[in-house]
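One structure is given here, and the rest of the page talks about it.
Naming: A, B, ... by sequence-line order, numbering from 1 per chain. Just so you know, these numbers come straight off a predicted model, no measurement behind them.
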Amino acid sequence: MPNTFLGSIMEYTFRDIEKKWKQYWEEQQVYKVSNDSKLPKCYILDMFPYPSGAGLHVGHPLGYIASDIYARYKRLRGYNVLHPMGYDAFGLPAEQYAIETGQHPSVTTEKNIARYREQLDNIGFSYDWSREVRTSDPSYYKWTQWIFLQLFHSWYDKKIQQARPIEELIKIFEKEGNSNAPCPTDSSFCFDGKNWKNYSEKEKREALMHYRLAYLSFAEVWWCEALGTVLANDEVVNGVSERGGHPVVRKQMSQWFLRITDYADRLLDGLEHLDWSEAMKEMQRNWIGKSTGADVRFDIQDYYGKHITVFTTRPDTIFGVSFMVLAPEHALVSEITTTQQKQAVDEYLLYVKSRSERERMSDVKQITGCFTGAYAIHPFTGQQLPVWISEYVLAGYGTGAIMGVPAGDSRDHAFAKHFELPIVNIFGKNYTGEDAYSEKTGVLDNSEFLNGLDLAKATDVAIRAIVDAGAGRAKVNYKMRDAGFSRQRYWGEPFPVVYIADSPYTIDEPQVTEYPELQHLPVELPVVESYSPGPDGQGPLANIKDWVTTPAGPRETNTMPGYAGSSWYFLRYMDPHNSEEFAGKAATEYWRQVDVYVGGNEHAVGHLLYSRMWTKVLHDLGYISFQEPFKKLVNQGMIQGSTRFVYRIRGTNKFVSSGLKKDYETDELRADVSIINGLELDTEAFKKWRDEYADAEFVLEDGKYITGALVEKMSKSKYNVVNPDDIIVQYGADTFRMYEMFLGPIDVSKPWDTKGIEGVHRFLKKLWRLYFDEQKGWIVTDEAPNDQELRIIHKMIKKTGDDIEKFAFNTAVSQFMITVNELSTLNCHKRNILEALAVLLAPFAPHLAEELWHGFGHESSVVNAVFPMHEEKYLTENTKLYPVAVNGKTRTELEFSLETDQSEIEKAVLADETVQKWLEGKTPKKVIFVKGKMINVVV
RNA sequence: GCCCUGGUGGCGGAAUUGGUAGACGCGCAGGACUUAAAAUCCUGUAUGCAGUAAUGCGUGUACGGGUUCAAUUCCCGUCUGGGGCACCA
């Protein structure tokens, strides 16, 4: 075999090899995917990244490498594989950076993307870059806006559990009002056909707003007076703004919402058929938080016709109520608070305004609240119940009010104890007086007609009684709330909305048609000079008069949130250059769902729920024929950083090695991982690292400076970031890819350790030497393989296939090492074995595999090779060395044929010398024999 | 606080369905080759005790219980690391 393709150097020269084949792939367009193929399809998708200014660190590509291996494997198995990549390019950090540096987000984003691309290309992915999408590209967000229009023009028909066009709802309203399509947010809002016809245009639109899937309503945001802007949760730290530490308060603002709650049941039920981890499904179930119970109405004393409605999952405990608690934001608070209590309530409200929802839920030990002075009336006993407000009741959950049942709920119990409110024991002996009894077993007491009833059965009886008394109804409640869809920001999709007489109209509505210039999609984000917030908490767009002002009326100045563009991007990859539709029907019908979706589990609820909702909406409206976006989901864990510490003797510029630090009073400081080899600090590099350390002195141990180490999140500020580019320069992309996979299971977090990569690199060099000799060059022979060699390669074939299917890449890499070790020991250089090995290697180390593949004389890329088949006959063994245990402890090993039956084995085992010794003359009770596994003698 | 998830040698990790715990790699120690180094190769490496040794016996998968002939694996409780909790993406 000629070895001219490599010149005379016969070492593993990964730099040349990788450069050569990257160029070849590019020239041959081997990763270009067609929508027109007879092959079965497979759609493998990575969660696209937000292109941050910091670039990729070694943690980011973990999932990308895994999906790339899977994608390459599927191609070898004969699939037409769609494996695209793009950028989630809108987001807060770019805008923040713009505020700080004055650079336009589109400029910095462009720069960051170029950097990401360069880093991604380094790693040798098989992406079809001709399909790249960017959410901030007008040709992309045109369709994000278009989907928003569909949401605006649709409502959810509960009867058929499907979204329908809003025109159909208008026809229903004209005919019969809303009796058959009750208002999703306010069941008391009723009208008939006649009412409808008499409504003004404005009233009609307000009524419809209660039904639209994208609608305008009010929500609280963090408002910072000093900065004159709305802040993200992230930007609020310990109750003050992160920038400047200014005070912040919750403030009501007009916001767009998506009516995701209408889809709650379908989002819940749809989980059943998804190939996602149980944990991930469970998180979504908890987020949706479906619970069944009852709405119960309590009249308010001295306020005729006013009542407090509570949602409870425990109507069976209705006789245990001894007080009521409203959320501080509850609309009734201002109405029912008595003059005597007003000051106290106002003070309490002020306190609550500064508290985040998180704090309110977390601080269970700190009990706060305030009496309103008002009383509610128990619907059965007529008893007076004091009405309190407290931060532990959240306005957004249920009805924003609860009935206090101290004997049955631990928070109510703590509240009653703290404020010395009465506790009614309705559980007999089960309630001890110490803690609430929250089990659902036992019998009720002190509960009138429920007395003696089993708790499990009492719920239905109680609900019936509540309904009969006209005091409420059975109710299903969801913890999930509608999704806030407005951001007071610049760097996001503008809404295709204008306000006419203060009412929002989308640009495709008839009222706007007289202004054709307004009807154009996309509504492009205007170029701005400044990113400072607009007046009254509006976003920066409000400052651009030219843009805001249109002949029809002012534009909406909010922009869409980060998840808008990412909720449907997987559809765009199918047909990324389509200018007529978000994606053509032929394309969506061919590619359909994503077969495997790989990404971090931090997206467990947000992104994954919104994508599922958008897919269902597009399905309901007839645009696509499937209703789940991601069939199988694989979550990758994080690669953590390994931070290094140096110890400075207090008040000096002298640093003491880790082992000696106990002798001094020291300060622990982070040092950059790049100037530390293992644990040993390069003291000269350290001096150069920062000016302040230029004349640092060191106290060494054994002539070395040993640093301290800690595993934590990889981040720039912790100086523990490792850049894949550096690793690739030193070891090559193939080593990097295999090492990332070798680190451990894909789904768990593990620390990065640059030292360990040597092992994988050594392995690739060892593999190389099966094919090449340093002096002789290509040494593969046509000699026929023997049985032992065949067994090795077939075991390898089976293991690789099985492991890739399971996403168990770490064990696949181990198996490669075992195989190469075995073949090296056997001095095997046979084509029959090594050609198959090269193909198996292709998904993991594509550059090296391509080199080897061409070494065999192939003209086409290994990407298009065929994955070898394993043959069972090489895998079956006919004898087994059984571990033999006495009373569960392994004492010896005996070899038997797999055909040997139990009685024969028993005989042989009991005759064995070692077994005899451990039996100590006793007769065995029984012998447990598991064929192919083990033998256990029980005495 | 609530929800999800992890905890196995000095380190990353392996272990079909409950069936020989520690595969593979790093690190470390010793050796070969070399003037030397790098590279490469070989040997050993959970731990305690006994033994010159081969080896033998005991302990051991965060901790405490339980089920089982047999538990890293199943059940109950405790401790602890990580992620999410609705405007970071």
Side-chain angles (χ1 to χ4, degrees), chain A residues 11 47-50 52 88 90-93 96 219 221-222 230-236 255 277-280 282-283 285-287 289 357-365 392 396 411 479-484 486-489 561-563 566 600-607 609 635 637-638 640 642 678 709 711-713 739 742-745 747-753 755-760 762-763 765-766 769 774 802 808 810-811 813-818 821 824 881-893 925-928 930 932-939:
Chain A
E11 283 170 55
M47 286 185 188
F48 62 169
Y50 174 78
S52 84
D88 188 11
F90 276 133
L92 210 44
Q96 189 56 44
V221 290
W222 281 117
V230 171
L231 298 177
N233 284 341
D234 245 33
E235 299 174 304
V236 177
Q255 310 267 308
S277 72
E278 234 356 90
M280 195 58 58
E282 194 59 25
M283 275 190 261
R285 285 190 200 107
N286 287 331
W287 183 270
E357 227 172 80
R358 180 88 50 85
E359 289 168 326
R360 286 170 60 170
M361 288 187 290
S362 307
D363 294 351
V364 290
K365 286 186 190 99
Y392 82 94
R411 280 178 312 180
K479 196 153 72 196
M480 181 166 68
R481 309 197 285 261
D482 279 342
S486 291
R487 298 293 182 265
Q488 294 71 41
R489 303 287 172 183
Y563 66 81
S566 62
N601 63 0
E602 65 270 24
H603 299 285
V605 278
H607 162 60
L609 263 184
N635 292 112
M638 262 201 313
Q640 296 150 313
S642 189
V711 171
E712 57 185 350
K713 202 169 168 165
Y739 183 54
F742 183 64
L743 273 178
D747 55 333
V748 305
S749 296
K750 55 250 161 186
W752 175 263
D753 171 26
K755 279 239 141 177
I757 201 167
E758 295 276 354
V760 174
R762 273 201 276 269
F763 148 72
K765 285 198 278 192
K766 193 165 181 181
R769 290 196 302 272
E774 256 180 67
D802 289 353
N810 56 330
T811 50
V813 177
S814 295
Q815 190 62 41
F816 271 111
M817 292 173 169
I818 294 167
N821 286 346
S824 299
L881 188 63
Y882 284 94
V884 180
V886 178
N887 275 343
K889 285 196 199 297
T890 308
R891 297 302 178 184
T892 186
E893 289 175 328
K925 262 193 218 142
K926 59 174 165 180
V927 178
I928 289 157
V930 184
K933 295 272 188 209
M934 48 67 68
I935 300 160
N936 188 11
V937 182
V938 184
V939 187

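- Comparing the P positions of B:G13 and B:G66 gives an interatomic distance of 31 Å, to the nearest angstrom.
- In this structure, of B:G25, B:C26, B:A89, it is B:G25 that holds the atom nearest to the side chain of A:N821.
- At B:U40, none of the side-chain N or O atoms of A:K766 fall inside 4.0 Å of OP1 or OP2 (strictly under the cut-off).
- B:A89 atom P lies 18 Å from atom CE of A:M638, rounded to whole Å.
- Rounded to whole Å, the distance from CG on A:L231 to P on B:C88 is 11 Å.
- With salt bridges taken as basic N to acidic carboxylate O contacts below 4.0 Å, none links A:E602 and A:K713.
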* **Heavy-atom protein contacts under 4.0 Å, nucleotides 2-12 of chain B, coded B base, S sugar-phosphate only, - none** => -SSS------B

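- Per the geometry, NZ belonging to A:K713 stands 13 Å off P belonging to B:C88, to the nearest Å.
- Side-chain atoms of A:N821 and A:K766, non-hydrogen and from C-beta on, do get closer than 4.5 Å to each other.
- Within the nucleic acid shown, A:R411 has no heavy atom closer than 4.0 Å to any nucleic acid atom.
- Below the 3.5 angstrom threshold, one finds a donor paired with an acceptor across the side chain of A:Q488 and the base of B:C87.
- Salt-bridge formation is detected for the pair A:E282/A:R285: a Lys NZ or Arg NE/NH1/NH2 atom is positioned less than 4.0 Å from an Asp or Glu carboxylate oxygen.
- Rounded to a whole Å, the CZ atom of A:F763 is 18 Å from the C1' atom of B:C41.
- Listed pair A:K889 / B:G60 fails the phosphate criterion, with no side-chain N or O lying under 4.0 Å from OP1 or OP2.
- A:R360 places its CZ atom 14 Å from the C1' atom of B:G1, with the value rounded to the nearest Å.
- Rounded to whole Å, the distance from NZ on A:K933 to C1' on B:C69 is 17 Å.
- Regarding contacts with the backbone of B:G58, a side-chain N or O of A:R891 is found under 4.0 angstrom from either OP1 or OP2.
- Contacts of A:S566 with the nucleic acid, taken as non-hydrogen atoms under 4.0 Å apart, are absent.
- Here the side chain of A:W287 is nearest to one of B:C85, B:G13, B:A89, namely B:C85.
- At whole-Å resolution of the value, CD in A:E893 and P in B:U20 are 11 Å apart.
- Looking at the side chain of A:P93, the nearest of the listed nucleotides B:U40, B:G82, B:A89 is B:A89.
- Considering only the side chain of A:R481, B:A86 comes nearest among B:A86, B:A89, B:A15.
- Note on A:P745: only backbone sugar-phosphate atoms sit closer than 4.0 angstrom, heavy atoms only; bases stay farther off.
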* Dot-bracket summary - RNA chain B, pairs being Watson-Crick or G-U whose distances fall under 3.5 Å, with | when paired to another strand -> (((((((..(((......[....)))((((((.......))))))(((((....)))))..(((((..]....))))))))))))....

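- At the heavy-atom level, A:I935 lies nowhere under 4.0 Å from the strands shown.
- OP1 or OP2 of B:C26 has at least one side-chain nitrogen or oxygen of A:R762 nearer than 4.0 Å.
- Taking atom CD of A:Q255 as the reference point, atom P of B:A86 lies 15 Å away to the nearest angstrom.
- In the set B:C87, B:A86, B:G19, B:A86 carries the atom at the smallest distance from any side-chain atom of A:E357.
- Taking the P atom of each, B:G60 and B:U72 are spaced 10 Å apart, rounded to whole Å.
- The distance from atom CE of A:M817 to atom CZ of A:F742, rounded to the nearest 0.5 Å, is 4.0 Å.
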